[in-house]
Amino acid sequence: MLPILSHRSAIAAAALLALAAPLPVAAQTPDHPTANSVQFPAPHELKMLTTSGSYLAARHASVERDAASAATFYRSALRTDPKNNELLDRAFISSLADGDIDEAVRLADRILAADKTNRVARLVIGVRDLKQKKYASAQANINQSIRGPITDLVATLLAGWASFGAGDAKGAVANIDKLAGPEWYPIFKDLHSAMILELAGKEKEAGVRLERAYKLEDSMLRVSDDYARWLSRNKDAASAEAVYDAFDKKLPRHPLIHDALRDVKAGKRLPPLVDSPQAGAAEALYGIGSSLTRRGGEDLALVYLQLALYLAPNHPMALLSLADLYESVKKPAMAIKVYERMPASSPLKRNAQIQLAIDLDSVDRTEEAIKILKAVTADDSKDIEAAMALGNIERGRKKFADCVGTYSQGIELLPKTNDKNSWVYYYYRGICEERSKQWNKAEADMRKALELQPEQPHVLNYLGYSWIDQGINLDEGMKLIKRAVEQRPDDGYIVDSLGWAYYRTGNYEDAAKNLERAIDLKPEDPTINDHLGDAYWRVGRTLEAKFQWAHARDLKPEPEDLPRIEAKIDHGLPDDVSSAVSAEKKKDDGNGG
């Protein structure tokens with residue numbers, strides 16, 4: 001785990017770095033637009049836009065987190081109003097957020113010609129200089145980008161790598177050591193000082209730093225990995241194995257650790273994590289950027305990760321972190337583009353493929369997603385994570401017969417120790433079995449899931465509901481649902497289950513009360529509104545019943561449910577309770593929660 005940066009610190013750092021009018025985290029418009037996608041003018045249409053039109057289009061693109069379009073429109077506006085500093089700043093930040101660092105560099109040069117104190121522009125120019133091995137110029141520009149605790153640390157580490165590139169390893173480490181700051185500084189300082197010392201051939205001094213960093217945070221991936229690598233070169237394989245084994249217990253089966261451990265056991269002496277000043281600087285930008293991604297500093301994290309990839313385009317951890325950032329702000333289309341950049345030779349390629357498939361499914365490219373996951377499982381038939389991801393996509397897309405087989409493959413790979421965390425595999429397979437009309441198998445899997453996790457609310461709800469819906473085990477089913485509600489009193493789906501259970505057992509007053517509460521929790525769910533309409537009808541509140549059914553109809557229910565709802569709006573429910581609605585279940589295919 002990386003050192004935790006406080007939410008307040010992350011926000012402050014982002015605010016300090018940002019320009020007067022910062023843009024939100026960027027992402028591109030999906031390749032396969034949906035009905036709600038925003039459509040921007042094509043590039044050839046830009047000439048038809050006025051300056052104000054381009055500006056407004058750019059602002060709208062920024063709101064939509066489409067940095068590529070925002071940068072294009074701001075540059076279009078800038079061409080017609082080249083002295084407008086606000087347009088220049090916004091075009092620069094948009095290009096930087098989009099990862100077009102070459103364009104950002106060109107704009108940064110223009111900004112610095114007018115304002116030599118612009119810290120973001122200084123940082124970008126400094127990173128460009130470092131990439132081009134202009135180390136003295138890199139140090140000068142990076143040192144002028146300092147302001148705030150996070151930016152101070154990043155600038156100091158980058159300047160240290162530039163100093164090392166210029167041939168002054170001793171000075172680089174000395175300057176890093178001088179930096180004082182928050183309690184999470186030392187781990188980054190020791191790690192990067194050690195990396196510099198390793199490349200300078202000062203292995204003993206590097207080992208002292210790595211051991212100190214490891215004692216500070218032994219669950220930080222890059223610290224554990226580099227320390228184990230140093231041990232493999234300077235001590236023995238057993239010591240390196242011990243570090244990797246300890247990490248594996250905290251975060252099992254990490255691909256980078258798995259591959260490194262295999263090499264150590266084969267007797268290999270592992271090289272340092274970085275091999276150049278550029279790779280070291282990229283590691284600094286990645287390390288801080290990834291720690292900010294989920295701590296309220298997404299805008300700043302985006303800048304650091306894009307600059308890291310400018311220096312090291314194939315950095316696998318930076319690619320994963322950037323894709324994860326886009327997922328965290330619900331921009332799967334941009335995450336897809338990042339995952340597609342993962343080198344085929346990287347141990348993290350499999351992880352990227354699984355996440356790529358999940359994101360493809362989320363933008364309705366499901367067949368591509370399934371094809372990728374089937375290829376991953378074909379390559380490694382024991383990949384339980386890929387099997388689980390495939391089963392989840394099939395279940396979400398109502399391919400219930402398919403997901404029965406997929407989850408069965410995953411269950412075959414489970415350890416034979418009845419791990420209590422395995423309940424979810426049986427629960428999901430049970431859903432697919434129940435939906436594909438294999439109730440006996442579904443019931444057995446639900447019971448198995450409860451054997452592993454006796455109080456799991458979703459399993460209690462699903463099994464209890466299914467019994468009551470079929471008119472069997474009514475008392476036991478009601479008890480299971482009540483236990484689920486006790487644990488999740490604010491879960492609208494589970495409260496709906498209790499209300500519908502009362503309805504199915506003829507207790508319409510309690511049904512109406514619980515379904516009203518479910519509506520308060522999930523007002524836009526068509527099935528819950530439909531259920532409440534049925535309960536109202538049975539207690540004589542017929543006008544309210546028709547209102548609820550009409551609302552359910554307008555909320556776009558499943559196509560197979562719509563004719564039944566419309567019939568009730570026209571004719572109400574039959575007098576014979578036994579012929580009431582057949583309780584189309586709202587168990588949300590296991591996705592509720």
Side-chain angles (χ1 to χ4, degrees), residues 10-29 40 46 51-52 54-128 141-142 144-148 150-151 154-155 158 285 288-289 292-293 296-311 322 325-326 329 331 334 337-338:
I11 292 291
L16 286 170
L17 184 67
L19 296 175
L23 295 175
V25 177
Q28 295 181 359
T29 306
F40 296 107
L46 291 175
T51 301
S52 58
S54 293
Y55 176 78
L56 291 174
R59 290 298 300 268
H60 188 59
S62 298
V63 172
E64 293 295 317
R65 297 182 182 272
D66 183 351
S69 294
T72 298
F73 288 123
Y74 280 129
R75 289 197 297 268
S76 174
L78 191 60
R79 281 193 291 272
T80 58
D81 190 3
K83 295 184 179 180
N84 188 314
N85 289 333
E86 181 184 354
L87 291 176
L88 179 60
D89 286 348
R90 288 176 178 271
F92 166 62
I93 290 294
S94 297
S95 298
L96 182 56
D98 186 45
D100 188 351
I101 308 302
D102 290 333
E103 179 63 26
V105 165
R106 286 190 285 273
L107 295 170
D109 280 330
R110 291 175 61 181
I111 289 172
L112 291 176
D115 177 11
K116 297 185 183 300
T117 66
N118 188 295
R119 288 173 171 81
V120 188
R122 286 288 179 195
L123 176 65
V124 170
I125 295 299
V127 171
R128 186 276 313 273
N141 279 300
I142 290 167
Q144 293 181 66
S145 73
I146 292 174
R147 184 170 69 178
I150 294 176
T151 51
V154 172
L158 294 181
L285 289 161
I288 308 285
L292 286 171
T293 298
E298 289 89 352
D299 293 291
L300 186 56
L302 179 62
V303 169
Y304 288 162
L305 292 172
Q306 294 285 27
L307 288 173
L309 290 167
Y310 171 68
L311 290 171
L322 181 59
L325 187 156
Y326 285 125
V329 295
K331 289 296 173 182
M334 193 58 203
K337 295 178 182 296
V338 178

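Nothing fancy with the numbering, it's 1 onward along the sequence.
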Open item on the list: Please give me the minimum heavy-atom distance between Arg119 and Gln144, naming the atom from each residue.
Closed with: CG-O, 3.6 Å
Task: Polar side-chain atom of Arg122 near backbone of Ala108 as donor-acceptor pair, under 3.5 Å - done: no
Task: Distance, nearest 0.5 Å, that separates CG of Asp109 from CD1 of Ile125 - done: 4.0 Å
- [ ] Test Tyr74 against Asn84 for side-chain contact (heavy atoms from CB on, under 4.5 Å), laying out the working first.
- [x] CA-CA 11 Å; Tyr74 280 129; Asn84 188 314; over 6 Å; no
TODO: Compare all side-chain heavy atoms of Ile101 with those of Val127 and state whether any distance is below 4.5 angstrom.
DONE: no
Task: Among Asp102, Asp100, Leu96, side-chain contact (heavy atoms from CB on, under 4.5 Å) partner for Tyr310 - done: Asp102
Task: Closest heavy-atom pair and its distance - Pro82, Thr80 - done: CD-C, 3.6 Å
- [ ] Any chance you could measure Asp98, atom CG, to Met334, atom CE, to the nearest 0.5 Å?
- [x] 6.0 Å
TODO: Please determine, by modelled atom types, if Ser95 and Arg75 share a side-chain donor-acceptor pair under 3.5 angstrom.
DONE: yes
TODO: Look up atom CZ in Phe73 and atom CG in Leu56, then write down how far apart they are to the nearest 0.5 Å.
DONE: 11.0 Å
Task: Least distance between heavy atoms, Val105 atom then Arg128 atom - done: CG1-NH1, 3.3 Å
Open item on the list: Between Thr72 (side chain only) and Ala68 (backbone N and O only), is there a donor and an acceptor less than 3.5 Å apart?
Closed with: yes
Open item on the list: Can you list everything that forms a side chain to side chain donor-acceptor pair (under 3.5 Å) with Arg110? Sequence neighbours excluded, please.
Closed with: none
- [ ] For Leu309 and Leu311, run side-chain contact (heavy atoms from CB on, under 4.5 Å): C-alpha distance rounded to whole Å, both residues' side-chain angles, the deciding distance at 0.1 Å, then the answer.
- [x] CA-CA 5 Å; Leu309 290 167; Leu311 290 171; over 6 Å; no
Open item on the list: Let me confirm one number: the CG-CG distance from Leu307 to Leu302, rounded to the nearest 0.5 Å.
Closed with: 9.5 Å
TODO: Working to the nearest 0.5 Å, report the span between CG of Leu325 and OH of Tyr304.
DONE: 14.0 Å
Task: Donor-acceptor contact below 3.5 Å, side chain Ser94 vs main chain Ala91 - done: no
Open item on the list: Test side-chain contact (heavy atoms from CB on, under 4.5 Å) on Asn141 and Leu123; report intermediate values, then the result.
Closed with: CA-CA 6 Å; Asn141 279 300; Leu123 176 65; over 6 Å; no
Task: Approximate separation, where rounding is to 0.5 Å, of Ile111 CD1 and Asp89 CG - done: 4.5 Å
TODO: Test side-chain contact (heavy atoms from CB on, under 4.5 Å) on Val124 and Val303 and set out the steps.
DONE: CA-CA 9 Å; Val124 170; Val303 169; 5.9 Å; no
